[in-house]
2 protein chains.
Amino acid sequence: MGRKRLQESADGRPTVHTVAARAGVSIASASRVLNGVGGSPETVRKVREAAAEVGYVPNAIARSLQSQRTGLIALAVEDIGNPVYVEMMRAIEEVVAASGRQLLVHATGGQIANETALLRRLAHRYVDGMIVSPIRVTDDHLAALVDSPVPVVVIGQLGADAPVDNVRTDSRTGVCLAVDHLVAAGRRRIGFVNGPLDTVPGAARDAGFRAALAAHGIEVDERLVEVGDFQYAAGRAATERLLARARPDALVCANDLIAVGALHALLAAGHRVPSDVALVGMDDTELARMMFPQLSSVSLGSAERGRRAAELLLQRIADPTLPPRREQVPPSLAVRASSAAVPDVSPLFVPAPAAPPTPEVTA
Amino acid sequence: MGRKRLQESADGRPTVHTVAARAGVSIASASRVLNGVGGSPETVRKVREAAAEVGYVPNAIARSLQSQRTGLIALAVEDIGNPVYVEMMRAIEEVVAASGRQLLVHATGGQIANETALLRRLAHRYVDGMIVSPIRVTDDHLAALVDSPVPVVVIGQLGADAPVDNVRTDSRTGVCLAVDHLVAAGRRRIGFVNGPLDTVPGAARDAGFRAALAAHGIEVDERLVEVGDFQYAAGRAATERLLARARPDALVCANDLIAVGALHALLAAGHRVPSDVALVGMDDTELARMMFPQLSSVSLGSAERGRRAAELLLQRIADPTLPPRREQVPPSLAVRASSAAVPDVSPLFVPAPAAPPTPEVTA
DNA sequence: TTGTACGCGTTATCAT
DNA sequence: ATGATAACGCGTACAA
């Protein structure tokens with residue numbers, strides 16, 4: 001039989017009705033004042049006062065139901081522990097915040113097998129739009145993306161015909177940059193520590209590695225190729241396996257986490273970096289600059305991709321009729337100590353207290 | 001004059017009305033079927049069919065307005081780049097997901113000066129509860145926390161009288177563990193690289209450091225104490241400043257990011273770790289195990305704190321009348337190569353390919 | 001300027 | 001089992 005709606009809300013908290021009643025005005029007036037539109041000075045004062053007295057807090061859910069927007073943007077990534085996502089997220093946050101919205105990050109943490117379910121669930125209108133960066137794209141995935149009830153932008157490679165806004169890079173070419181650099185530095189026994197081949201980036205980087213070697217007329221030695229996961233421990237383990245059966249003079253790693261694992265494995269096995277083995281990572285994250293020696297790394301423009309994705313999303317939210325767009329961010333190589341062209345002195349073995357400052361780090 | 005509500009929703013998407021009309025039943029029946037309660041086999045079939053045909057997706061906002069819950073939990077941290085929050089988040093996620101809810105992470109990124117505003121905004125009912133881990137607690141902060149419209153659990157030190165659920169550790173004692181360990185290993189010129197003193201953890205760790213030295217009868221040499229930020233670059237810079245004016249034989253760092261910066265600074269300056277300078281970090285994150293040599297670190301039980309905080313939050317959501325609770329997680333020390341008690345051989349200088357495996361890393 | 005009344009999309013209640 | 005209808009809390013035409 002429903003109580004009279006002139007009092008508090010179900011959970012005992014004040015609503016517009018509470019404020020209106022206390023101020024002695026209608027809920028319409030109260031609402032107007034609380035939203036800063038209209039109201040005579042006297043009304044404004046009374047409503048403000050009443051609101052403060054009862055500690056009124058607007059119910060965002062109800063507001064959203066009315067306005068059809070939540071002001072929330074979601075970002076879904078697989079592994080929040082990967083610094084590349086941190087950089088992406090910072091860039092996205094900047095754009096999103098500038099538009100007066102809020103960014104929410106959902107980390108599947110690699111734990112949730114069914115990312116599709118998450119996608120559907122999160123997209124049930126709790127957010128005005130979302131950015132996803134999947135590393136595996138199944139048909140289910142794609143279907144969920146395409147008929148998402150809210151605007152979606154995908155960061156990463158996607159089928160050419162997928163009608164979804166998409167920001168990509170060319171990690172294939174990225175690997176080539178690394179190989180070219182190493183070959184130019186005189187390396188020939190170049191190894192590759194990759195992530196799973198059934199992932200989109202894993203496959204692309206594998207192809208890039210083989211194409212690059214072929215371009216230089218170098219035959220691929222399968223003993224120099226190892227596959228693990230896109231993570232530190234797996235990268236380290238993979239490198240240990242590789243070192244147990246081969247003697248590379250350079251190592252390309254499919255991301256920086258793997259590269260850090262490789263560095264650890266190399267040093268632990270007594271190899272000097274870069275004099276014995278040159279090392280190049282990928283993603284060019286903060287992690288690469290945190291290592292000693294600092295890691296060369298192929299930048300895939302993660303921040304730029306994040307920024308662009310956020311902009312595409314905001315545009316689509318503003319105008320849902322836009323045709324699907326596709327943007328591409330070119331890779332670039334940052335050369336640092338781990339693959340210095342003149343590896344006559346390994347930084348690790350400089351004994352003097354006055355060693356030359358490591359490049360690209362400003363204190 | 002409002003259009004008849006028997007068709008689509010405002011943005012052209014199907015609603016319960018659409019489904020009901022198409023199935024030739026009432027919205028009540030449609031709703032029941034869609035929620036899996038009641039309905040004759042025939043009705044169920046018709047509704048399911050109609051829903052599939054029009055691609056019905058329930059509007060979570062409307063559902064929440066009705067049910068008074070969103071099924072979302074928020075976690076607000078300052079710096080998502082700090083691995084300690086990653087571990088905390090993983091632990092929280094596990095508990096939250098097990099309760100059938102979803103975790104949303106909001107990273108202020110250290111950019112938003114007014115975290116209080118965020119707190120209020122995010123708490124306007126978009127989430128069923130939230131966990132915050134502030135490093136600075138102002139009066140405003142505290143006020144916002146106390147009269148938050150949704151349940152809040154704070155991870156971190158808080159005034160003893162604050163009526164807010166709270167999970168803390170004792171980083172003061174944590175620093176003591178590190179100092180005790182270093183003194184036992186024969187170190188005497190122990191330095192300290194801290195974060196800002198106007199933060200809660202910064203102040204606590206400073207106090208802990210001074211208390212620990214005093215307990216061992218060692219006078220504090222202010223030249224061995226340096227303050228920066230809780231981040232890598234700042235930690236490295238602070239260590240460089242410290243090394244420019246003093247010669248420590250050990251360094252305690254206020255977190256692992258700082259410790260990594262310190263390691264980089266030490267190695268770049270030609271110091272061996274641990275033989276010349278022993279190094280101990282804090283938080284015992286994955287980062288500590290990624291370094292070479294691996295970093296000793298004081299665990300503040302970040303995962304455990306996260307887990308407990310999530311449990312407290314779920315309990316409070318279930319029963320808001322619970323009195324404020326306070327839990328404490330004790331610190332512990334993980335000793336690794338960077339402060340090995342027998343520093344006769346620096347791992348950095350082991351030349352043999354068959355070096356002993358670094359402890360605590362399983363490939 | 002102010003108040004009345006309706007709609008946002010859903011679930012729950014109460015008759016039938 | 002089913003259908004009409006009242007909430008949930010808010011914003012806003014529209015009329016006064």
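Letters go in sequence order (proteins before strands), and every chain restarts at 1.
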Give, ordered by number, those residues of residues 45-71 of chain B having at least one heavy-atom distance below 4.0 Å to an atom of DNA chain D; if nothing qualifies, reply none. Leu65(B), Gln66(B), Gln68(B)
Rounded to whole Å, how long is the line connecting atom CZ of Arg13(A) with atom C1' of dC10(D)? 16 Å
From CD1 of Ile27(A) over to P of dC14(D), roughly how many Å is that when rounded to an integer? 18 Å
For the helix from dT1(C)-dA16(D) to dT16(C)-dA1(D), measure the angle between the helix axis at one end and the axis at the other, each built from five pairs, rounding to 10°. 40°
Is there, by distance only and without an angle test, a donor paired with an acceptor across the side chain of Arg32(B) and the base of dG3(D) below 3.5 Å? yes
Listed partners of Glu87(B) passing side-chain contact (heavy atoms from CB on, under 4.5 Å), at least two apart: Thr285(B), Glu286(B), Arg289(B), Ser302(B)
Would you say that Arg101(A) contacts Glu93(A) through its side chain, given a criterion of any heavy-atom pair below 4.5 Å between the two side chains? no
Quick check: does any side chain N or O of Arg326(B) sit under 3.5 Å from a backbone N or O of Val167(B), one acting as donor and the other as acceptor? no
Taking only residues two or more places apart in sequence, or in another chain, which ones meet Ala74(B) in a side-chain contact (heavy atoms from CB on, under 4.5 Å)? Leu122(B), Val127(B), Met130(B)
Measuring from atom CD1 of Ile61(A) to atom CD1 of Ile61(B), what distance do you get when rounded to the nearest 0.5 angstrom? 4.5 Å
Would you mind checking if Arg308(A) and Asp165(A) are paired as a salt bridge, meaning a charged N to carboxylate O distance below 4.0 Å? no
Can a salt bridge be assigned to the pair Asp128(B) and Arg316(B) using a cut-off of 4.0 Å between side-chain N and carboxylate O? no
For Arg125(A) and dG9(C), give me the distance from atom CZ to atom C1', rounded to whole Å. 9 Å
Stepwise salt bridge (charged side-chain N to carboxylate O under 4.0 Å, His left out) check, Glu327(B) with Arg168(B): CA-CA 6 Å; Glu327(B) 299 204 355; Arg168(B) 54 180 66 189; over 6 Å; no
Is Ser31(A) near enough to dC10(D) that one of its side-chain N or O atoms lies under 4.0 angstrom from OP1 or OP2? no
With sequence neighbours left out, the residues meeting side chain to side chain donor-acceptor pair (under 3.5 Å) with Asp139(B) are none
Under 4.0 Å, heavy atom to any atom of DNA chain D: which of residues 34-43 of chain B qualify? Gly39(B), Ser40(B), Thr43(B)
Carboxylate-amine/guanidinium contact Glu94(B) Arg307(B), below 4.0 Å: no
Is Ser26(A) near enough to dG3(C) that one of its side-chain N or O atoms lies under 4.0 angstrom from OP1 or OP2? yes
Judged by atom type as modelled, is there a donor-acceptor pair below 3.5 Å linking the side chain of Ser67(A) to the main-chain atoms of Arg63(A)? yes
